[in-house]
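Heads up: the structure comes next, in structure tokens.
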Amino acid sequence: MKKIILVFIIGFIIISCNSEVKTNDKTPKRDPNSFAIVIHGGAGNGIVPENLNEEKQKVYKDKLQEALNAGYFVLEKGGKSIDAIQEAIKVLEDSPLFNAGKGAVFNSEGNQEMDASIMDGKTLNSGAVAGINHVKNPILAARMVMDSTKHVMLSGKGAERIMEKLGLEMVDSSYFFTSNRYNQLKRLQGNQTRVVNTSNENILNDNKYGTVGAVAIDKQGNIAAGTSTGGIANKKYGRIGDSPIIGAGTYANNITCGISCTGTGEYFIRTVAAHEVSNLIQYKNTHPMEALHEVIFNQIAPLGGEGGMILLDKYGNVFWDFNTKGMFRGYKKSTGDNVIEIFNLN
Ligand code: ASP
């Protein structure tokens, strides 16, 4: 009897080992030491060739390239994905071209209130800030919440006080002002006259959205994601969108992927968009491209939402999708691929 049991056990082990080898053969693998970064600079229906001549496209593309290079540089040196996305997002926040940091949109009362979040896919540690307007780089504030507090999200004055204490660079709220965004608010509020001269004519006029985000995978295979925004132009005072909400606008998990979203935040919150995509990959084995399509076109769009998402999976593959006319986006990989796109190419 003992012998029979022993033979059975050995047989079982051999079968299991074989089947494991077979599964592994089929499973895609990440090249050891490979790395990649993908970024977005917002999605919208105003992002069409009629609104962006070659010269304007070049201005946007150059800035997106600068952000990709900043993140790539960190990864190339063997740095962490969380540091890479932070560096990339900082470049975009410092540029008035995008709706994050300097150049953030105005709320209905003529103020700028910024949100940001960051997530580490290895530990699931996360940090977020909402409704701030004195920290120069909101993504650094999100990182600080993650690294230096025991909380995940801080908002408004409390967040700013803590950030100042922790030594982050603080600025007067006038630092974030751009006349282009201010004129945009006045237009949205029905005032057709330009109240201030536009300082940067290269900025897309009808850029209602323009949030920025980044996802990276480092040489160790760790994924991180982050998002930063001024929210939606003419939003109500105190309104918070999806960008600082972990699972809605940002999500990273080494066992699936990292995601950053952009679009009408209310719908991304209601569908818990980024986490939903990750869940489809994890539990239903859905291909990342199909998962993005399912959430954007079958969940967000029917509710009336629009926008896009960038995704980097655990093998270092980049995917994106959007239901708007355009989305500023790009990626750079250790394989040498470097792509930047603006319009819908389908
Ligand atoms: N999702 C952002 C928000 O709702 C806006 C955007 O992505 O443009 O605050």
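Below, each value reflects all heavy atoms present in this structure, side chains not excepted, and no hydrogens, waters or symmetry copies. Indexing begins at 1, ligand by ligand and atom by atom, following the structure's order.
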At a 4.0 Å cut-off, with the gap strictly under it, does some heavy atom of [X] reach an atom of ligand 1?
X    : answer
G307 : no
G249 : no
G42  : no

Would you tell me whether [X] and [Y] have side-chain atoms, one donor and one acceptor, within less than 3.5 Å of each other?
X    : Y    : value
Q86  : N137 : no
S228 : E93  : yes
N222 : D120 : no
S243 : T227 : no

Give the ring-plane orientation class for Y251 versus H275, where under 30° counts as parallel, over 60° as perpendicular and anything between as tilted.
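It falls in the perpendicular class, over 60°.
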Anything under 30° is parallel, anything over 60° is perpendicular, the rest tilted; go ahead and classify H287 against F319.
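H287 and F319: perpendicular rings.
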Give a yes or no answer on whether the side chain of D218 reaches the backbone of K80 with a donor-acceptor pair at less than 3.5 Å.
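No; zero donor-acceptor contacts below 3.5 Å.
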Are the side chain of R143 and the backbone N or O of D147 linked by a donor-acceptor pair below 3.5 Å?
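No; judged by distance alone, with no hydrogens or angles, the pair does not exist.
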Nitrogen or oxygen of [X] less than 3.5 angstrom from that of ligand 1:
X    : answer
T264 : no
I232 : no
D115 : no

Any atoms of ligand 1 less than 4.0 Å from a non-hydrogen atom of [X]? List them with their elements.
X    : value
T211 : 2 (C), 5 (C), 6 (C), 7 (O), 8 (O)
G231 : 5 (C), 9 (O)
D242 : 1 (N), 2 (C), 3 (C), 4 (O)
S243 : 1 (N), 2 (C)
G210 : 8 (O)
T262 : 6 (C), 7 (O), 8 (O)

Just let me know how R239 lines up against ligand 1, side chain, backbone, both or neither, with a heavy-atom cut-off below 4.0 Å.
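Under 4.0 Å from ligand 1, R239 contributes side-chain atoms alone.
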Applying the side-chain hydrogen bond (donor to acceptor under 3.5 Å, both in side chains) test to E306, which of N45, T262, T324 qualifies?
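Of the listed options, the one satisfying the test is N45.
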Identity of the nearest option to atom 2 (C) of ligand 1, non-hydrogen atoms only, from G263, P244, S260:
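The option holding the nearest heavy atom is G263.
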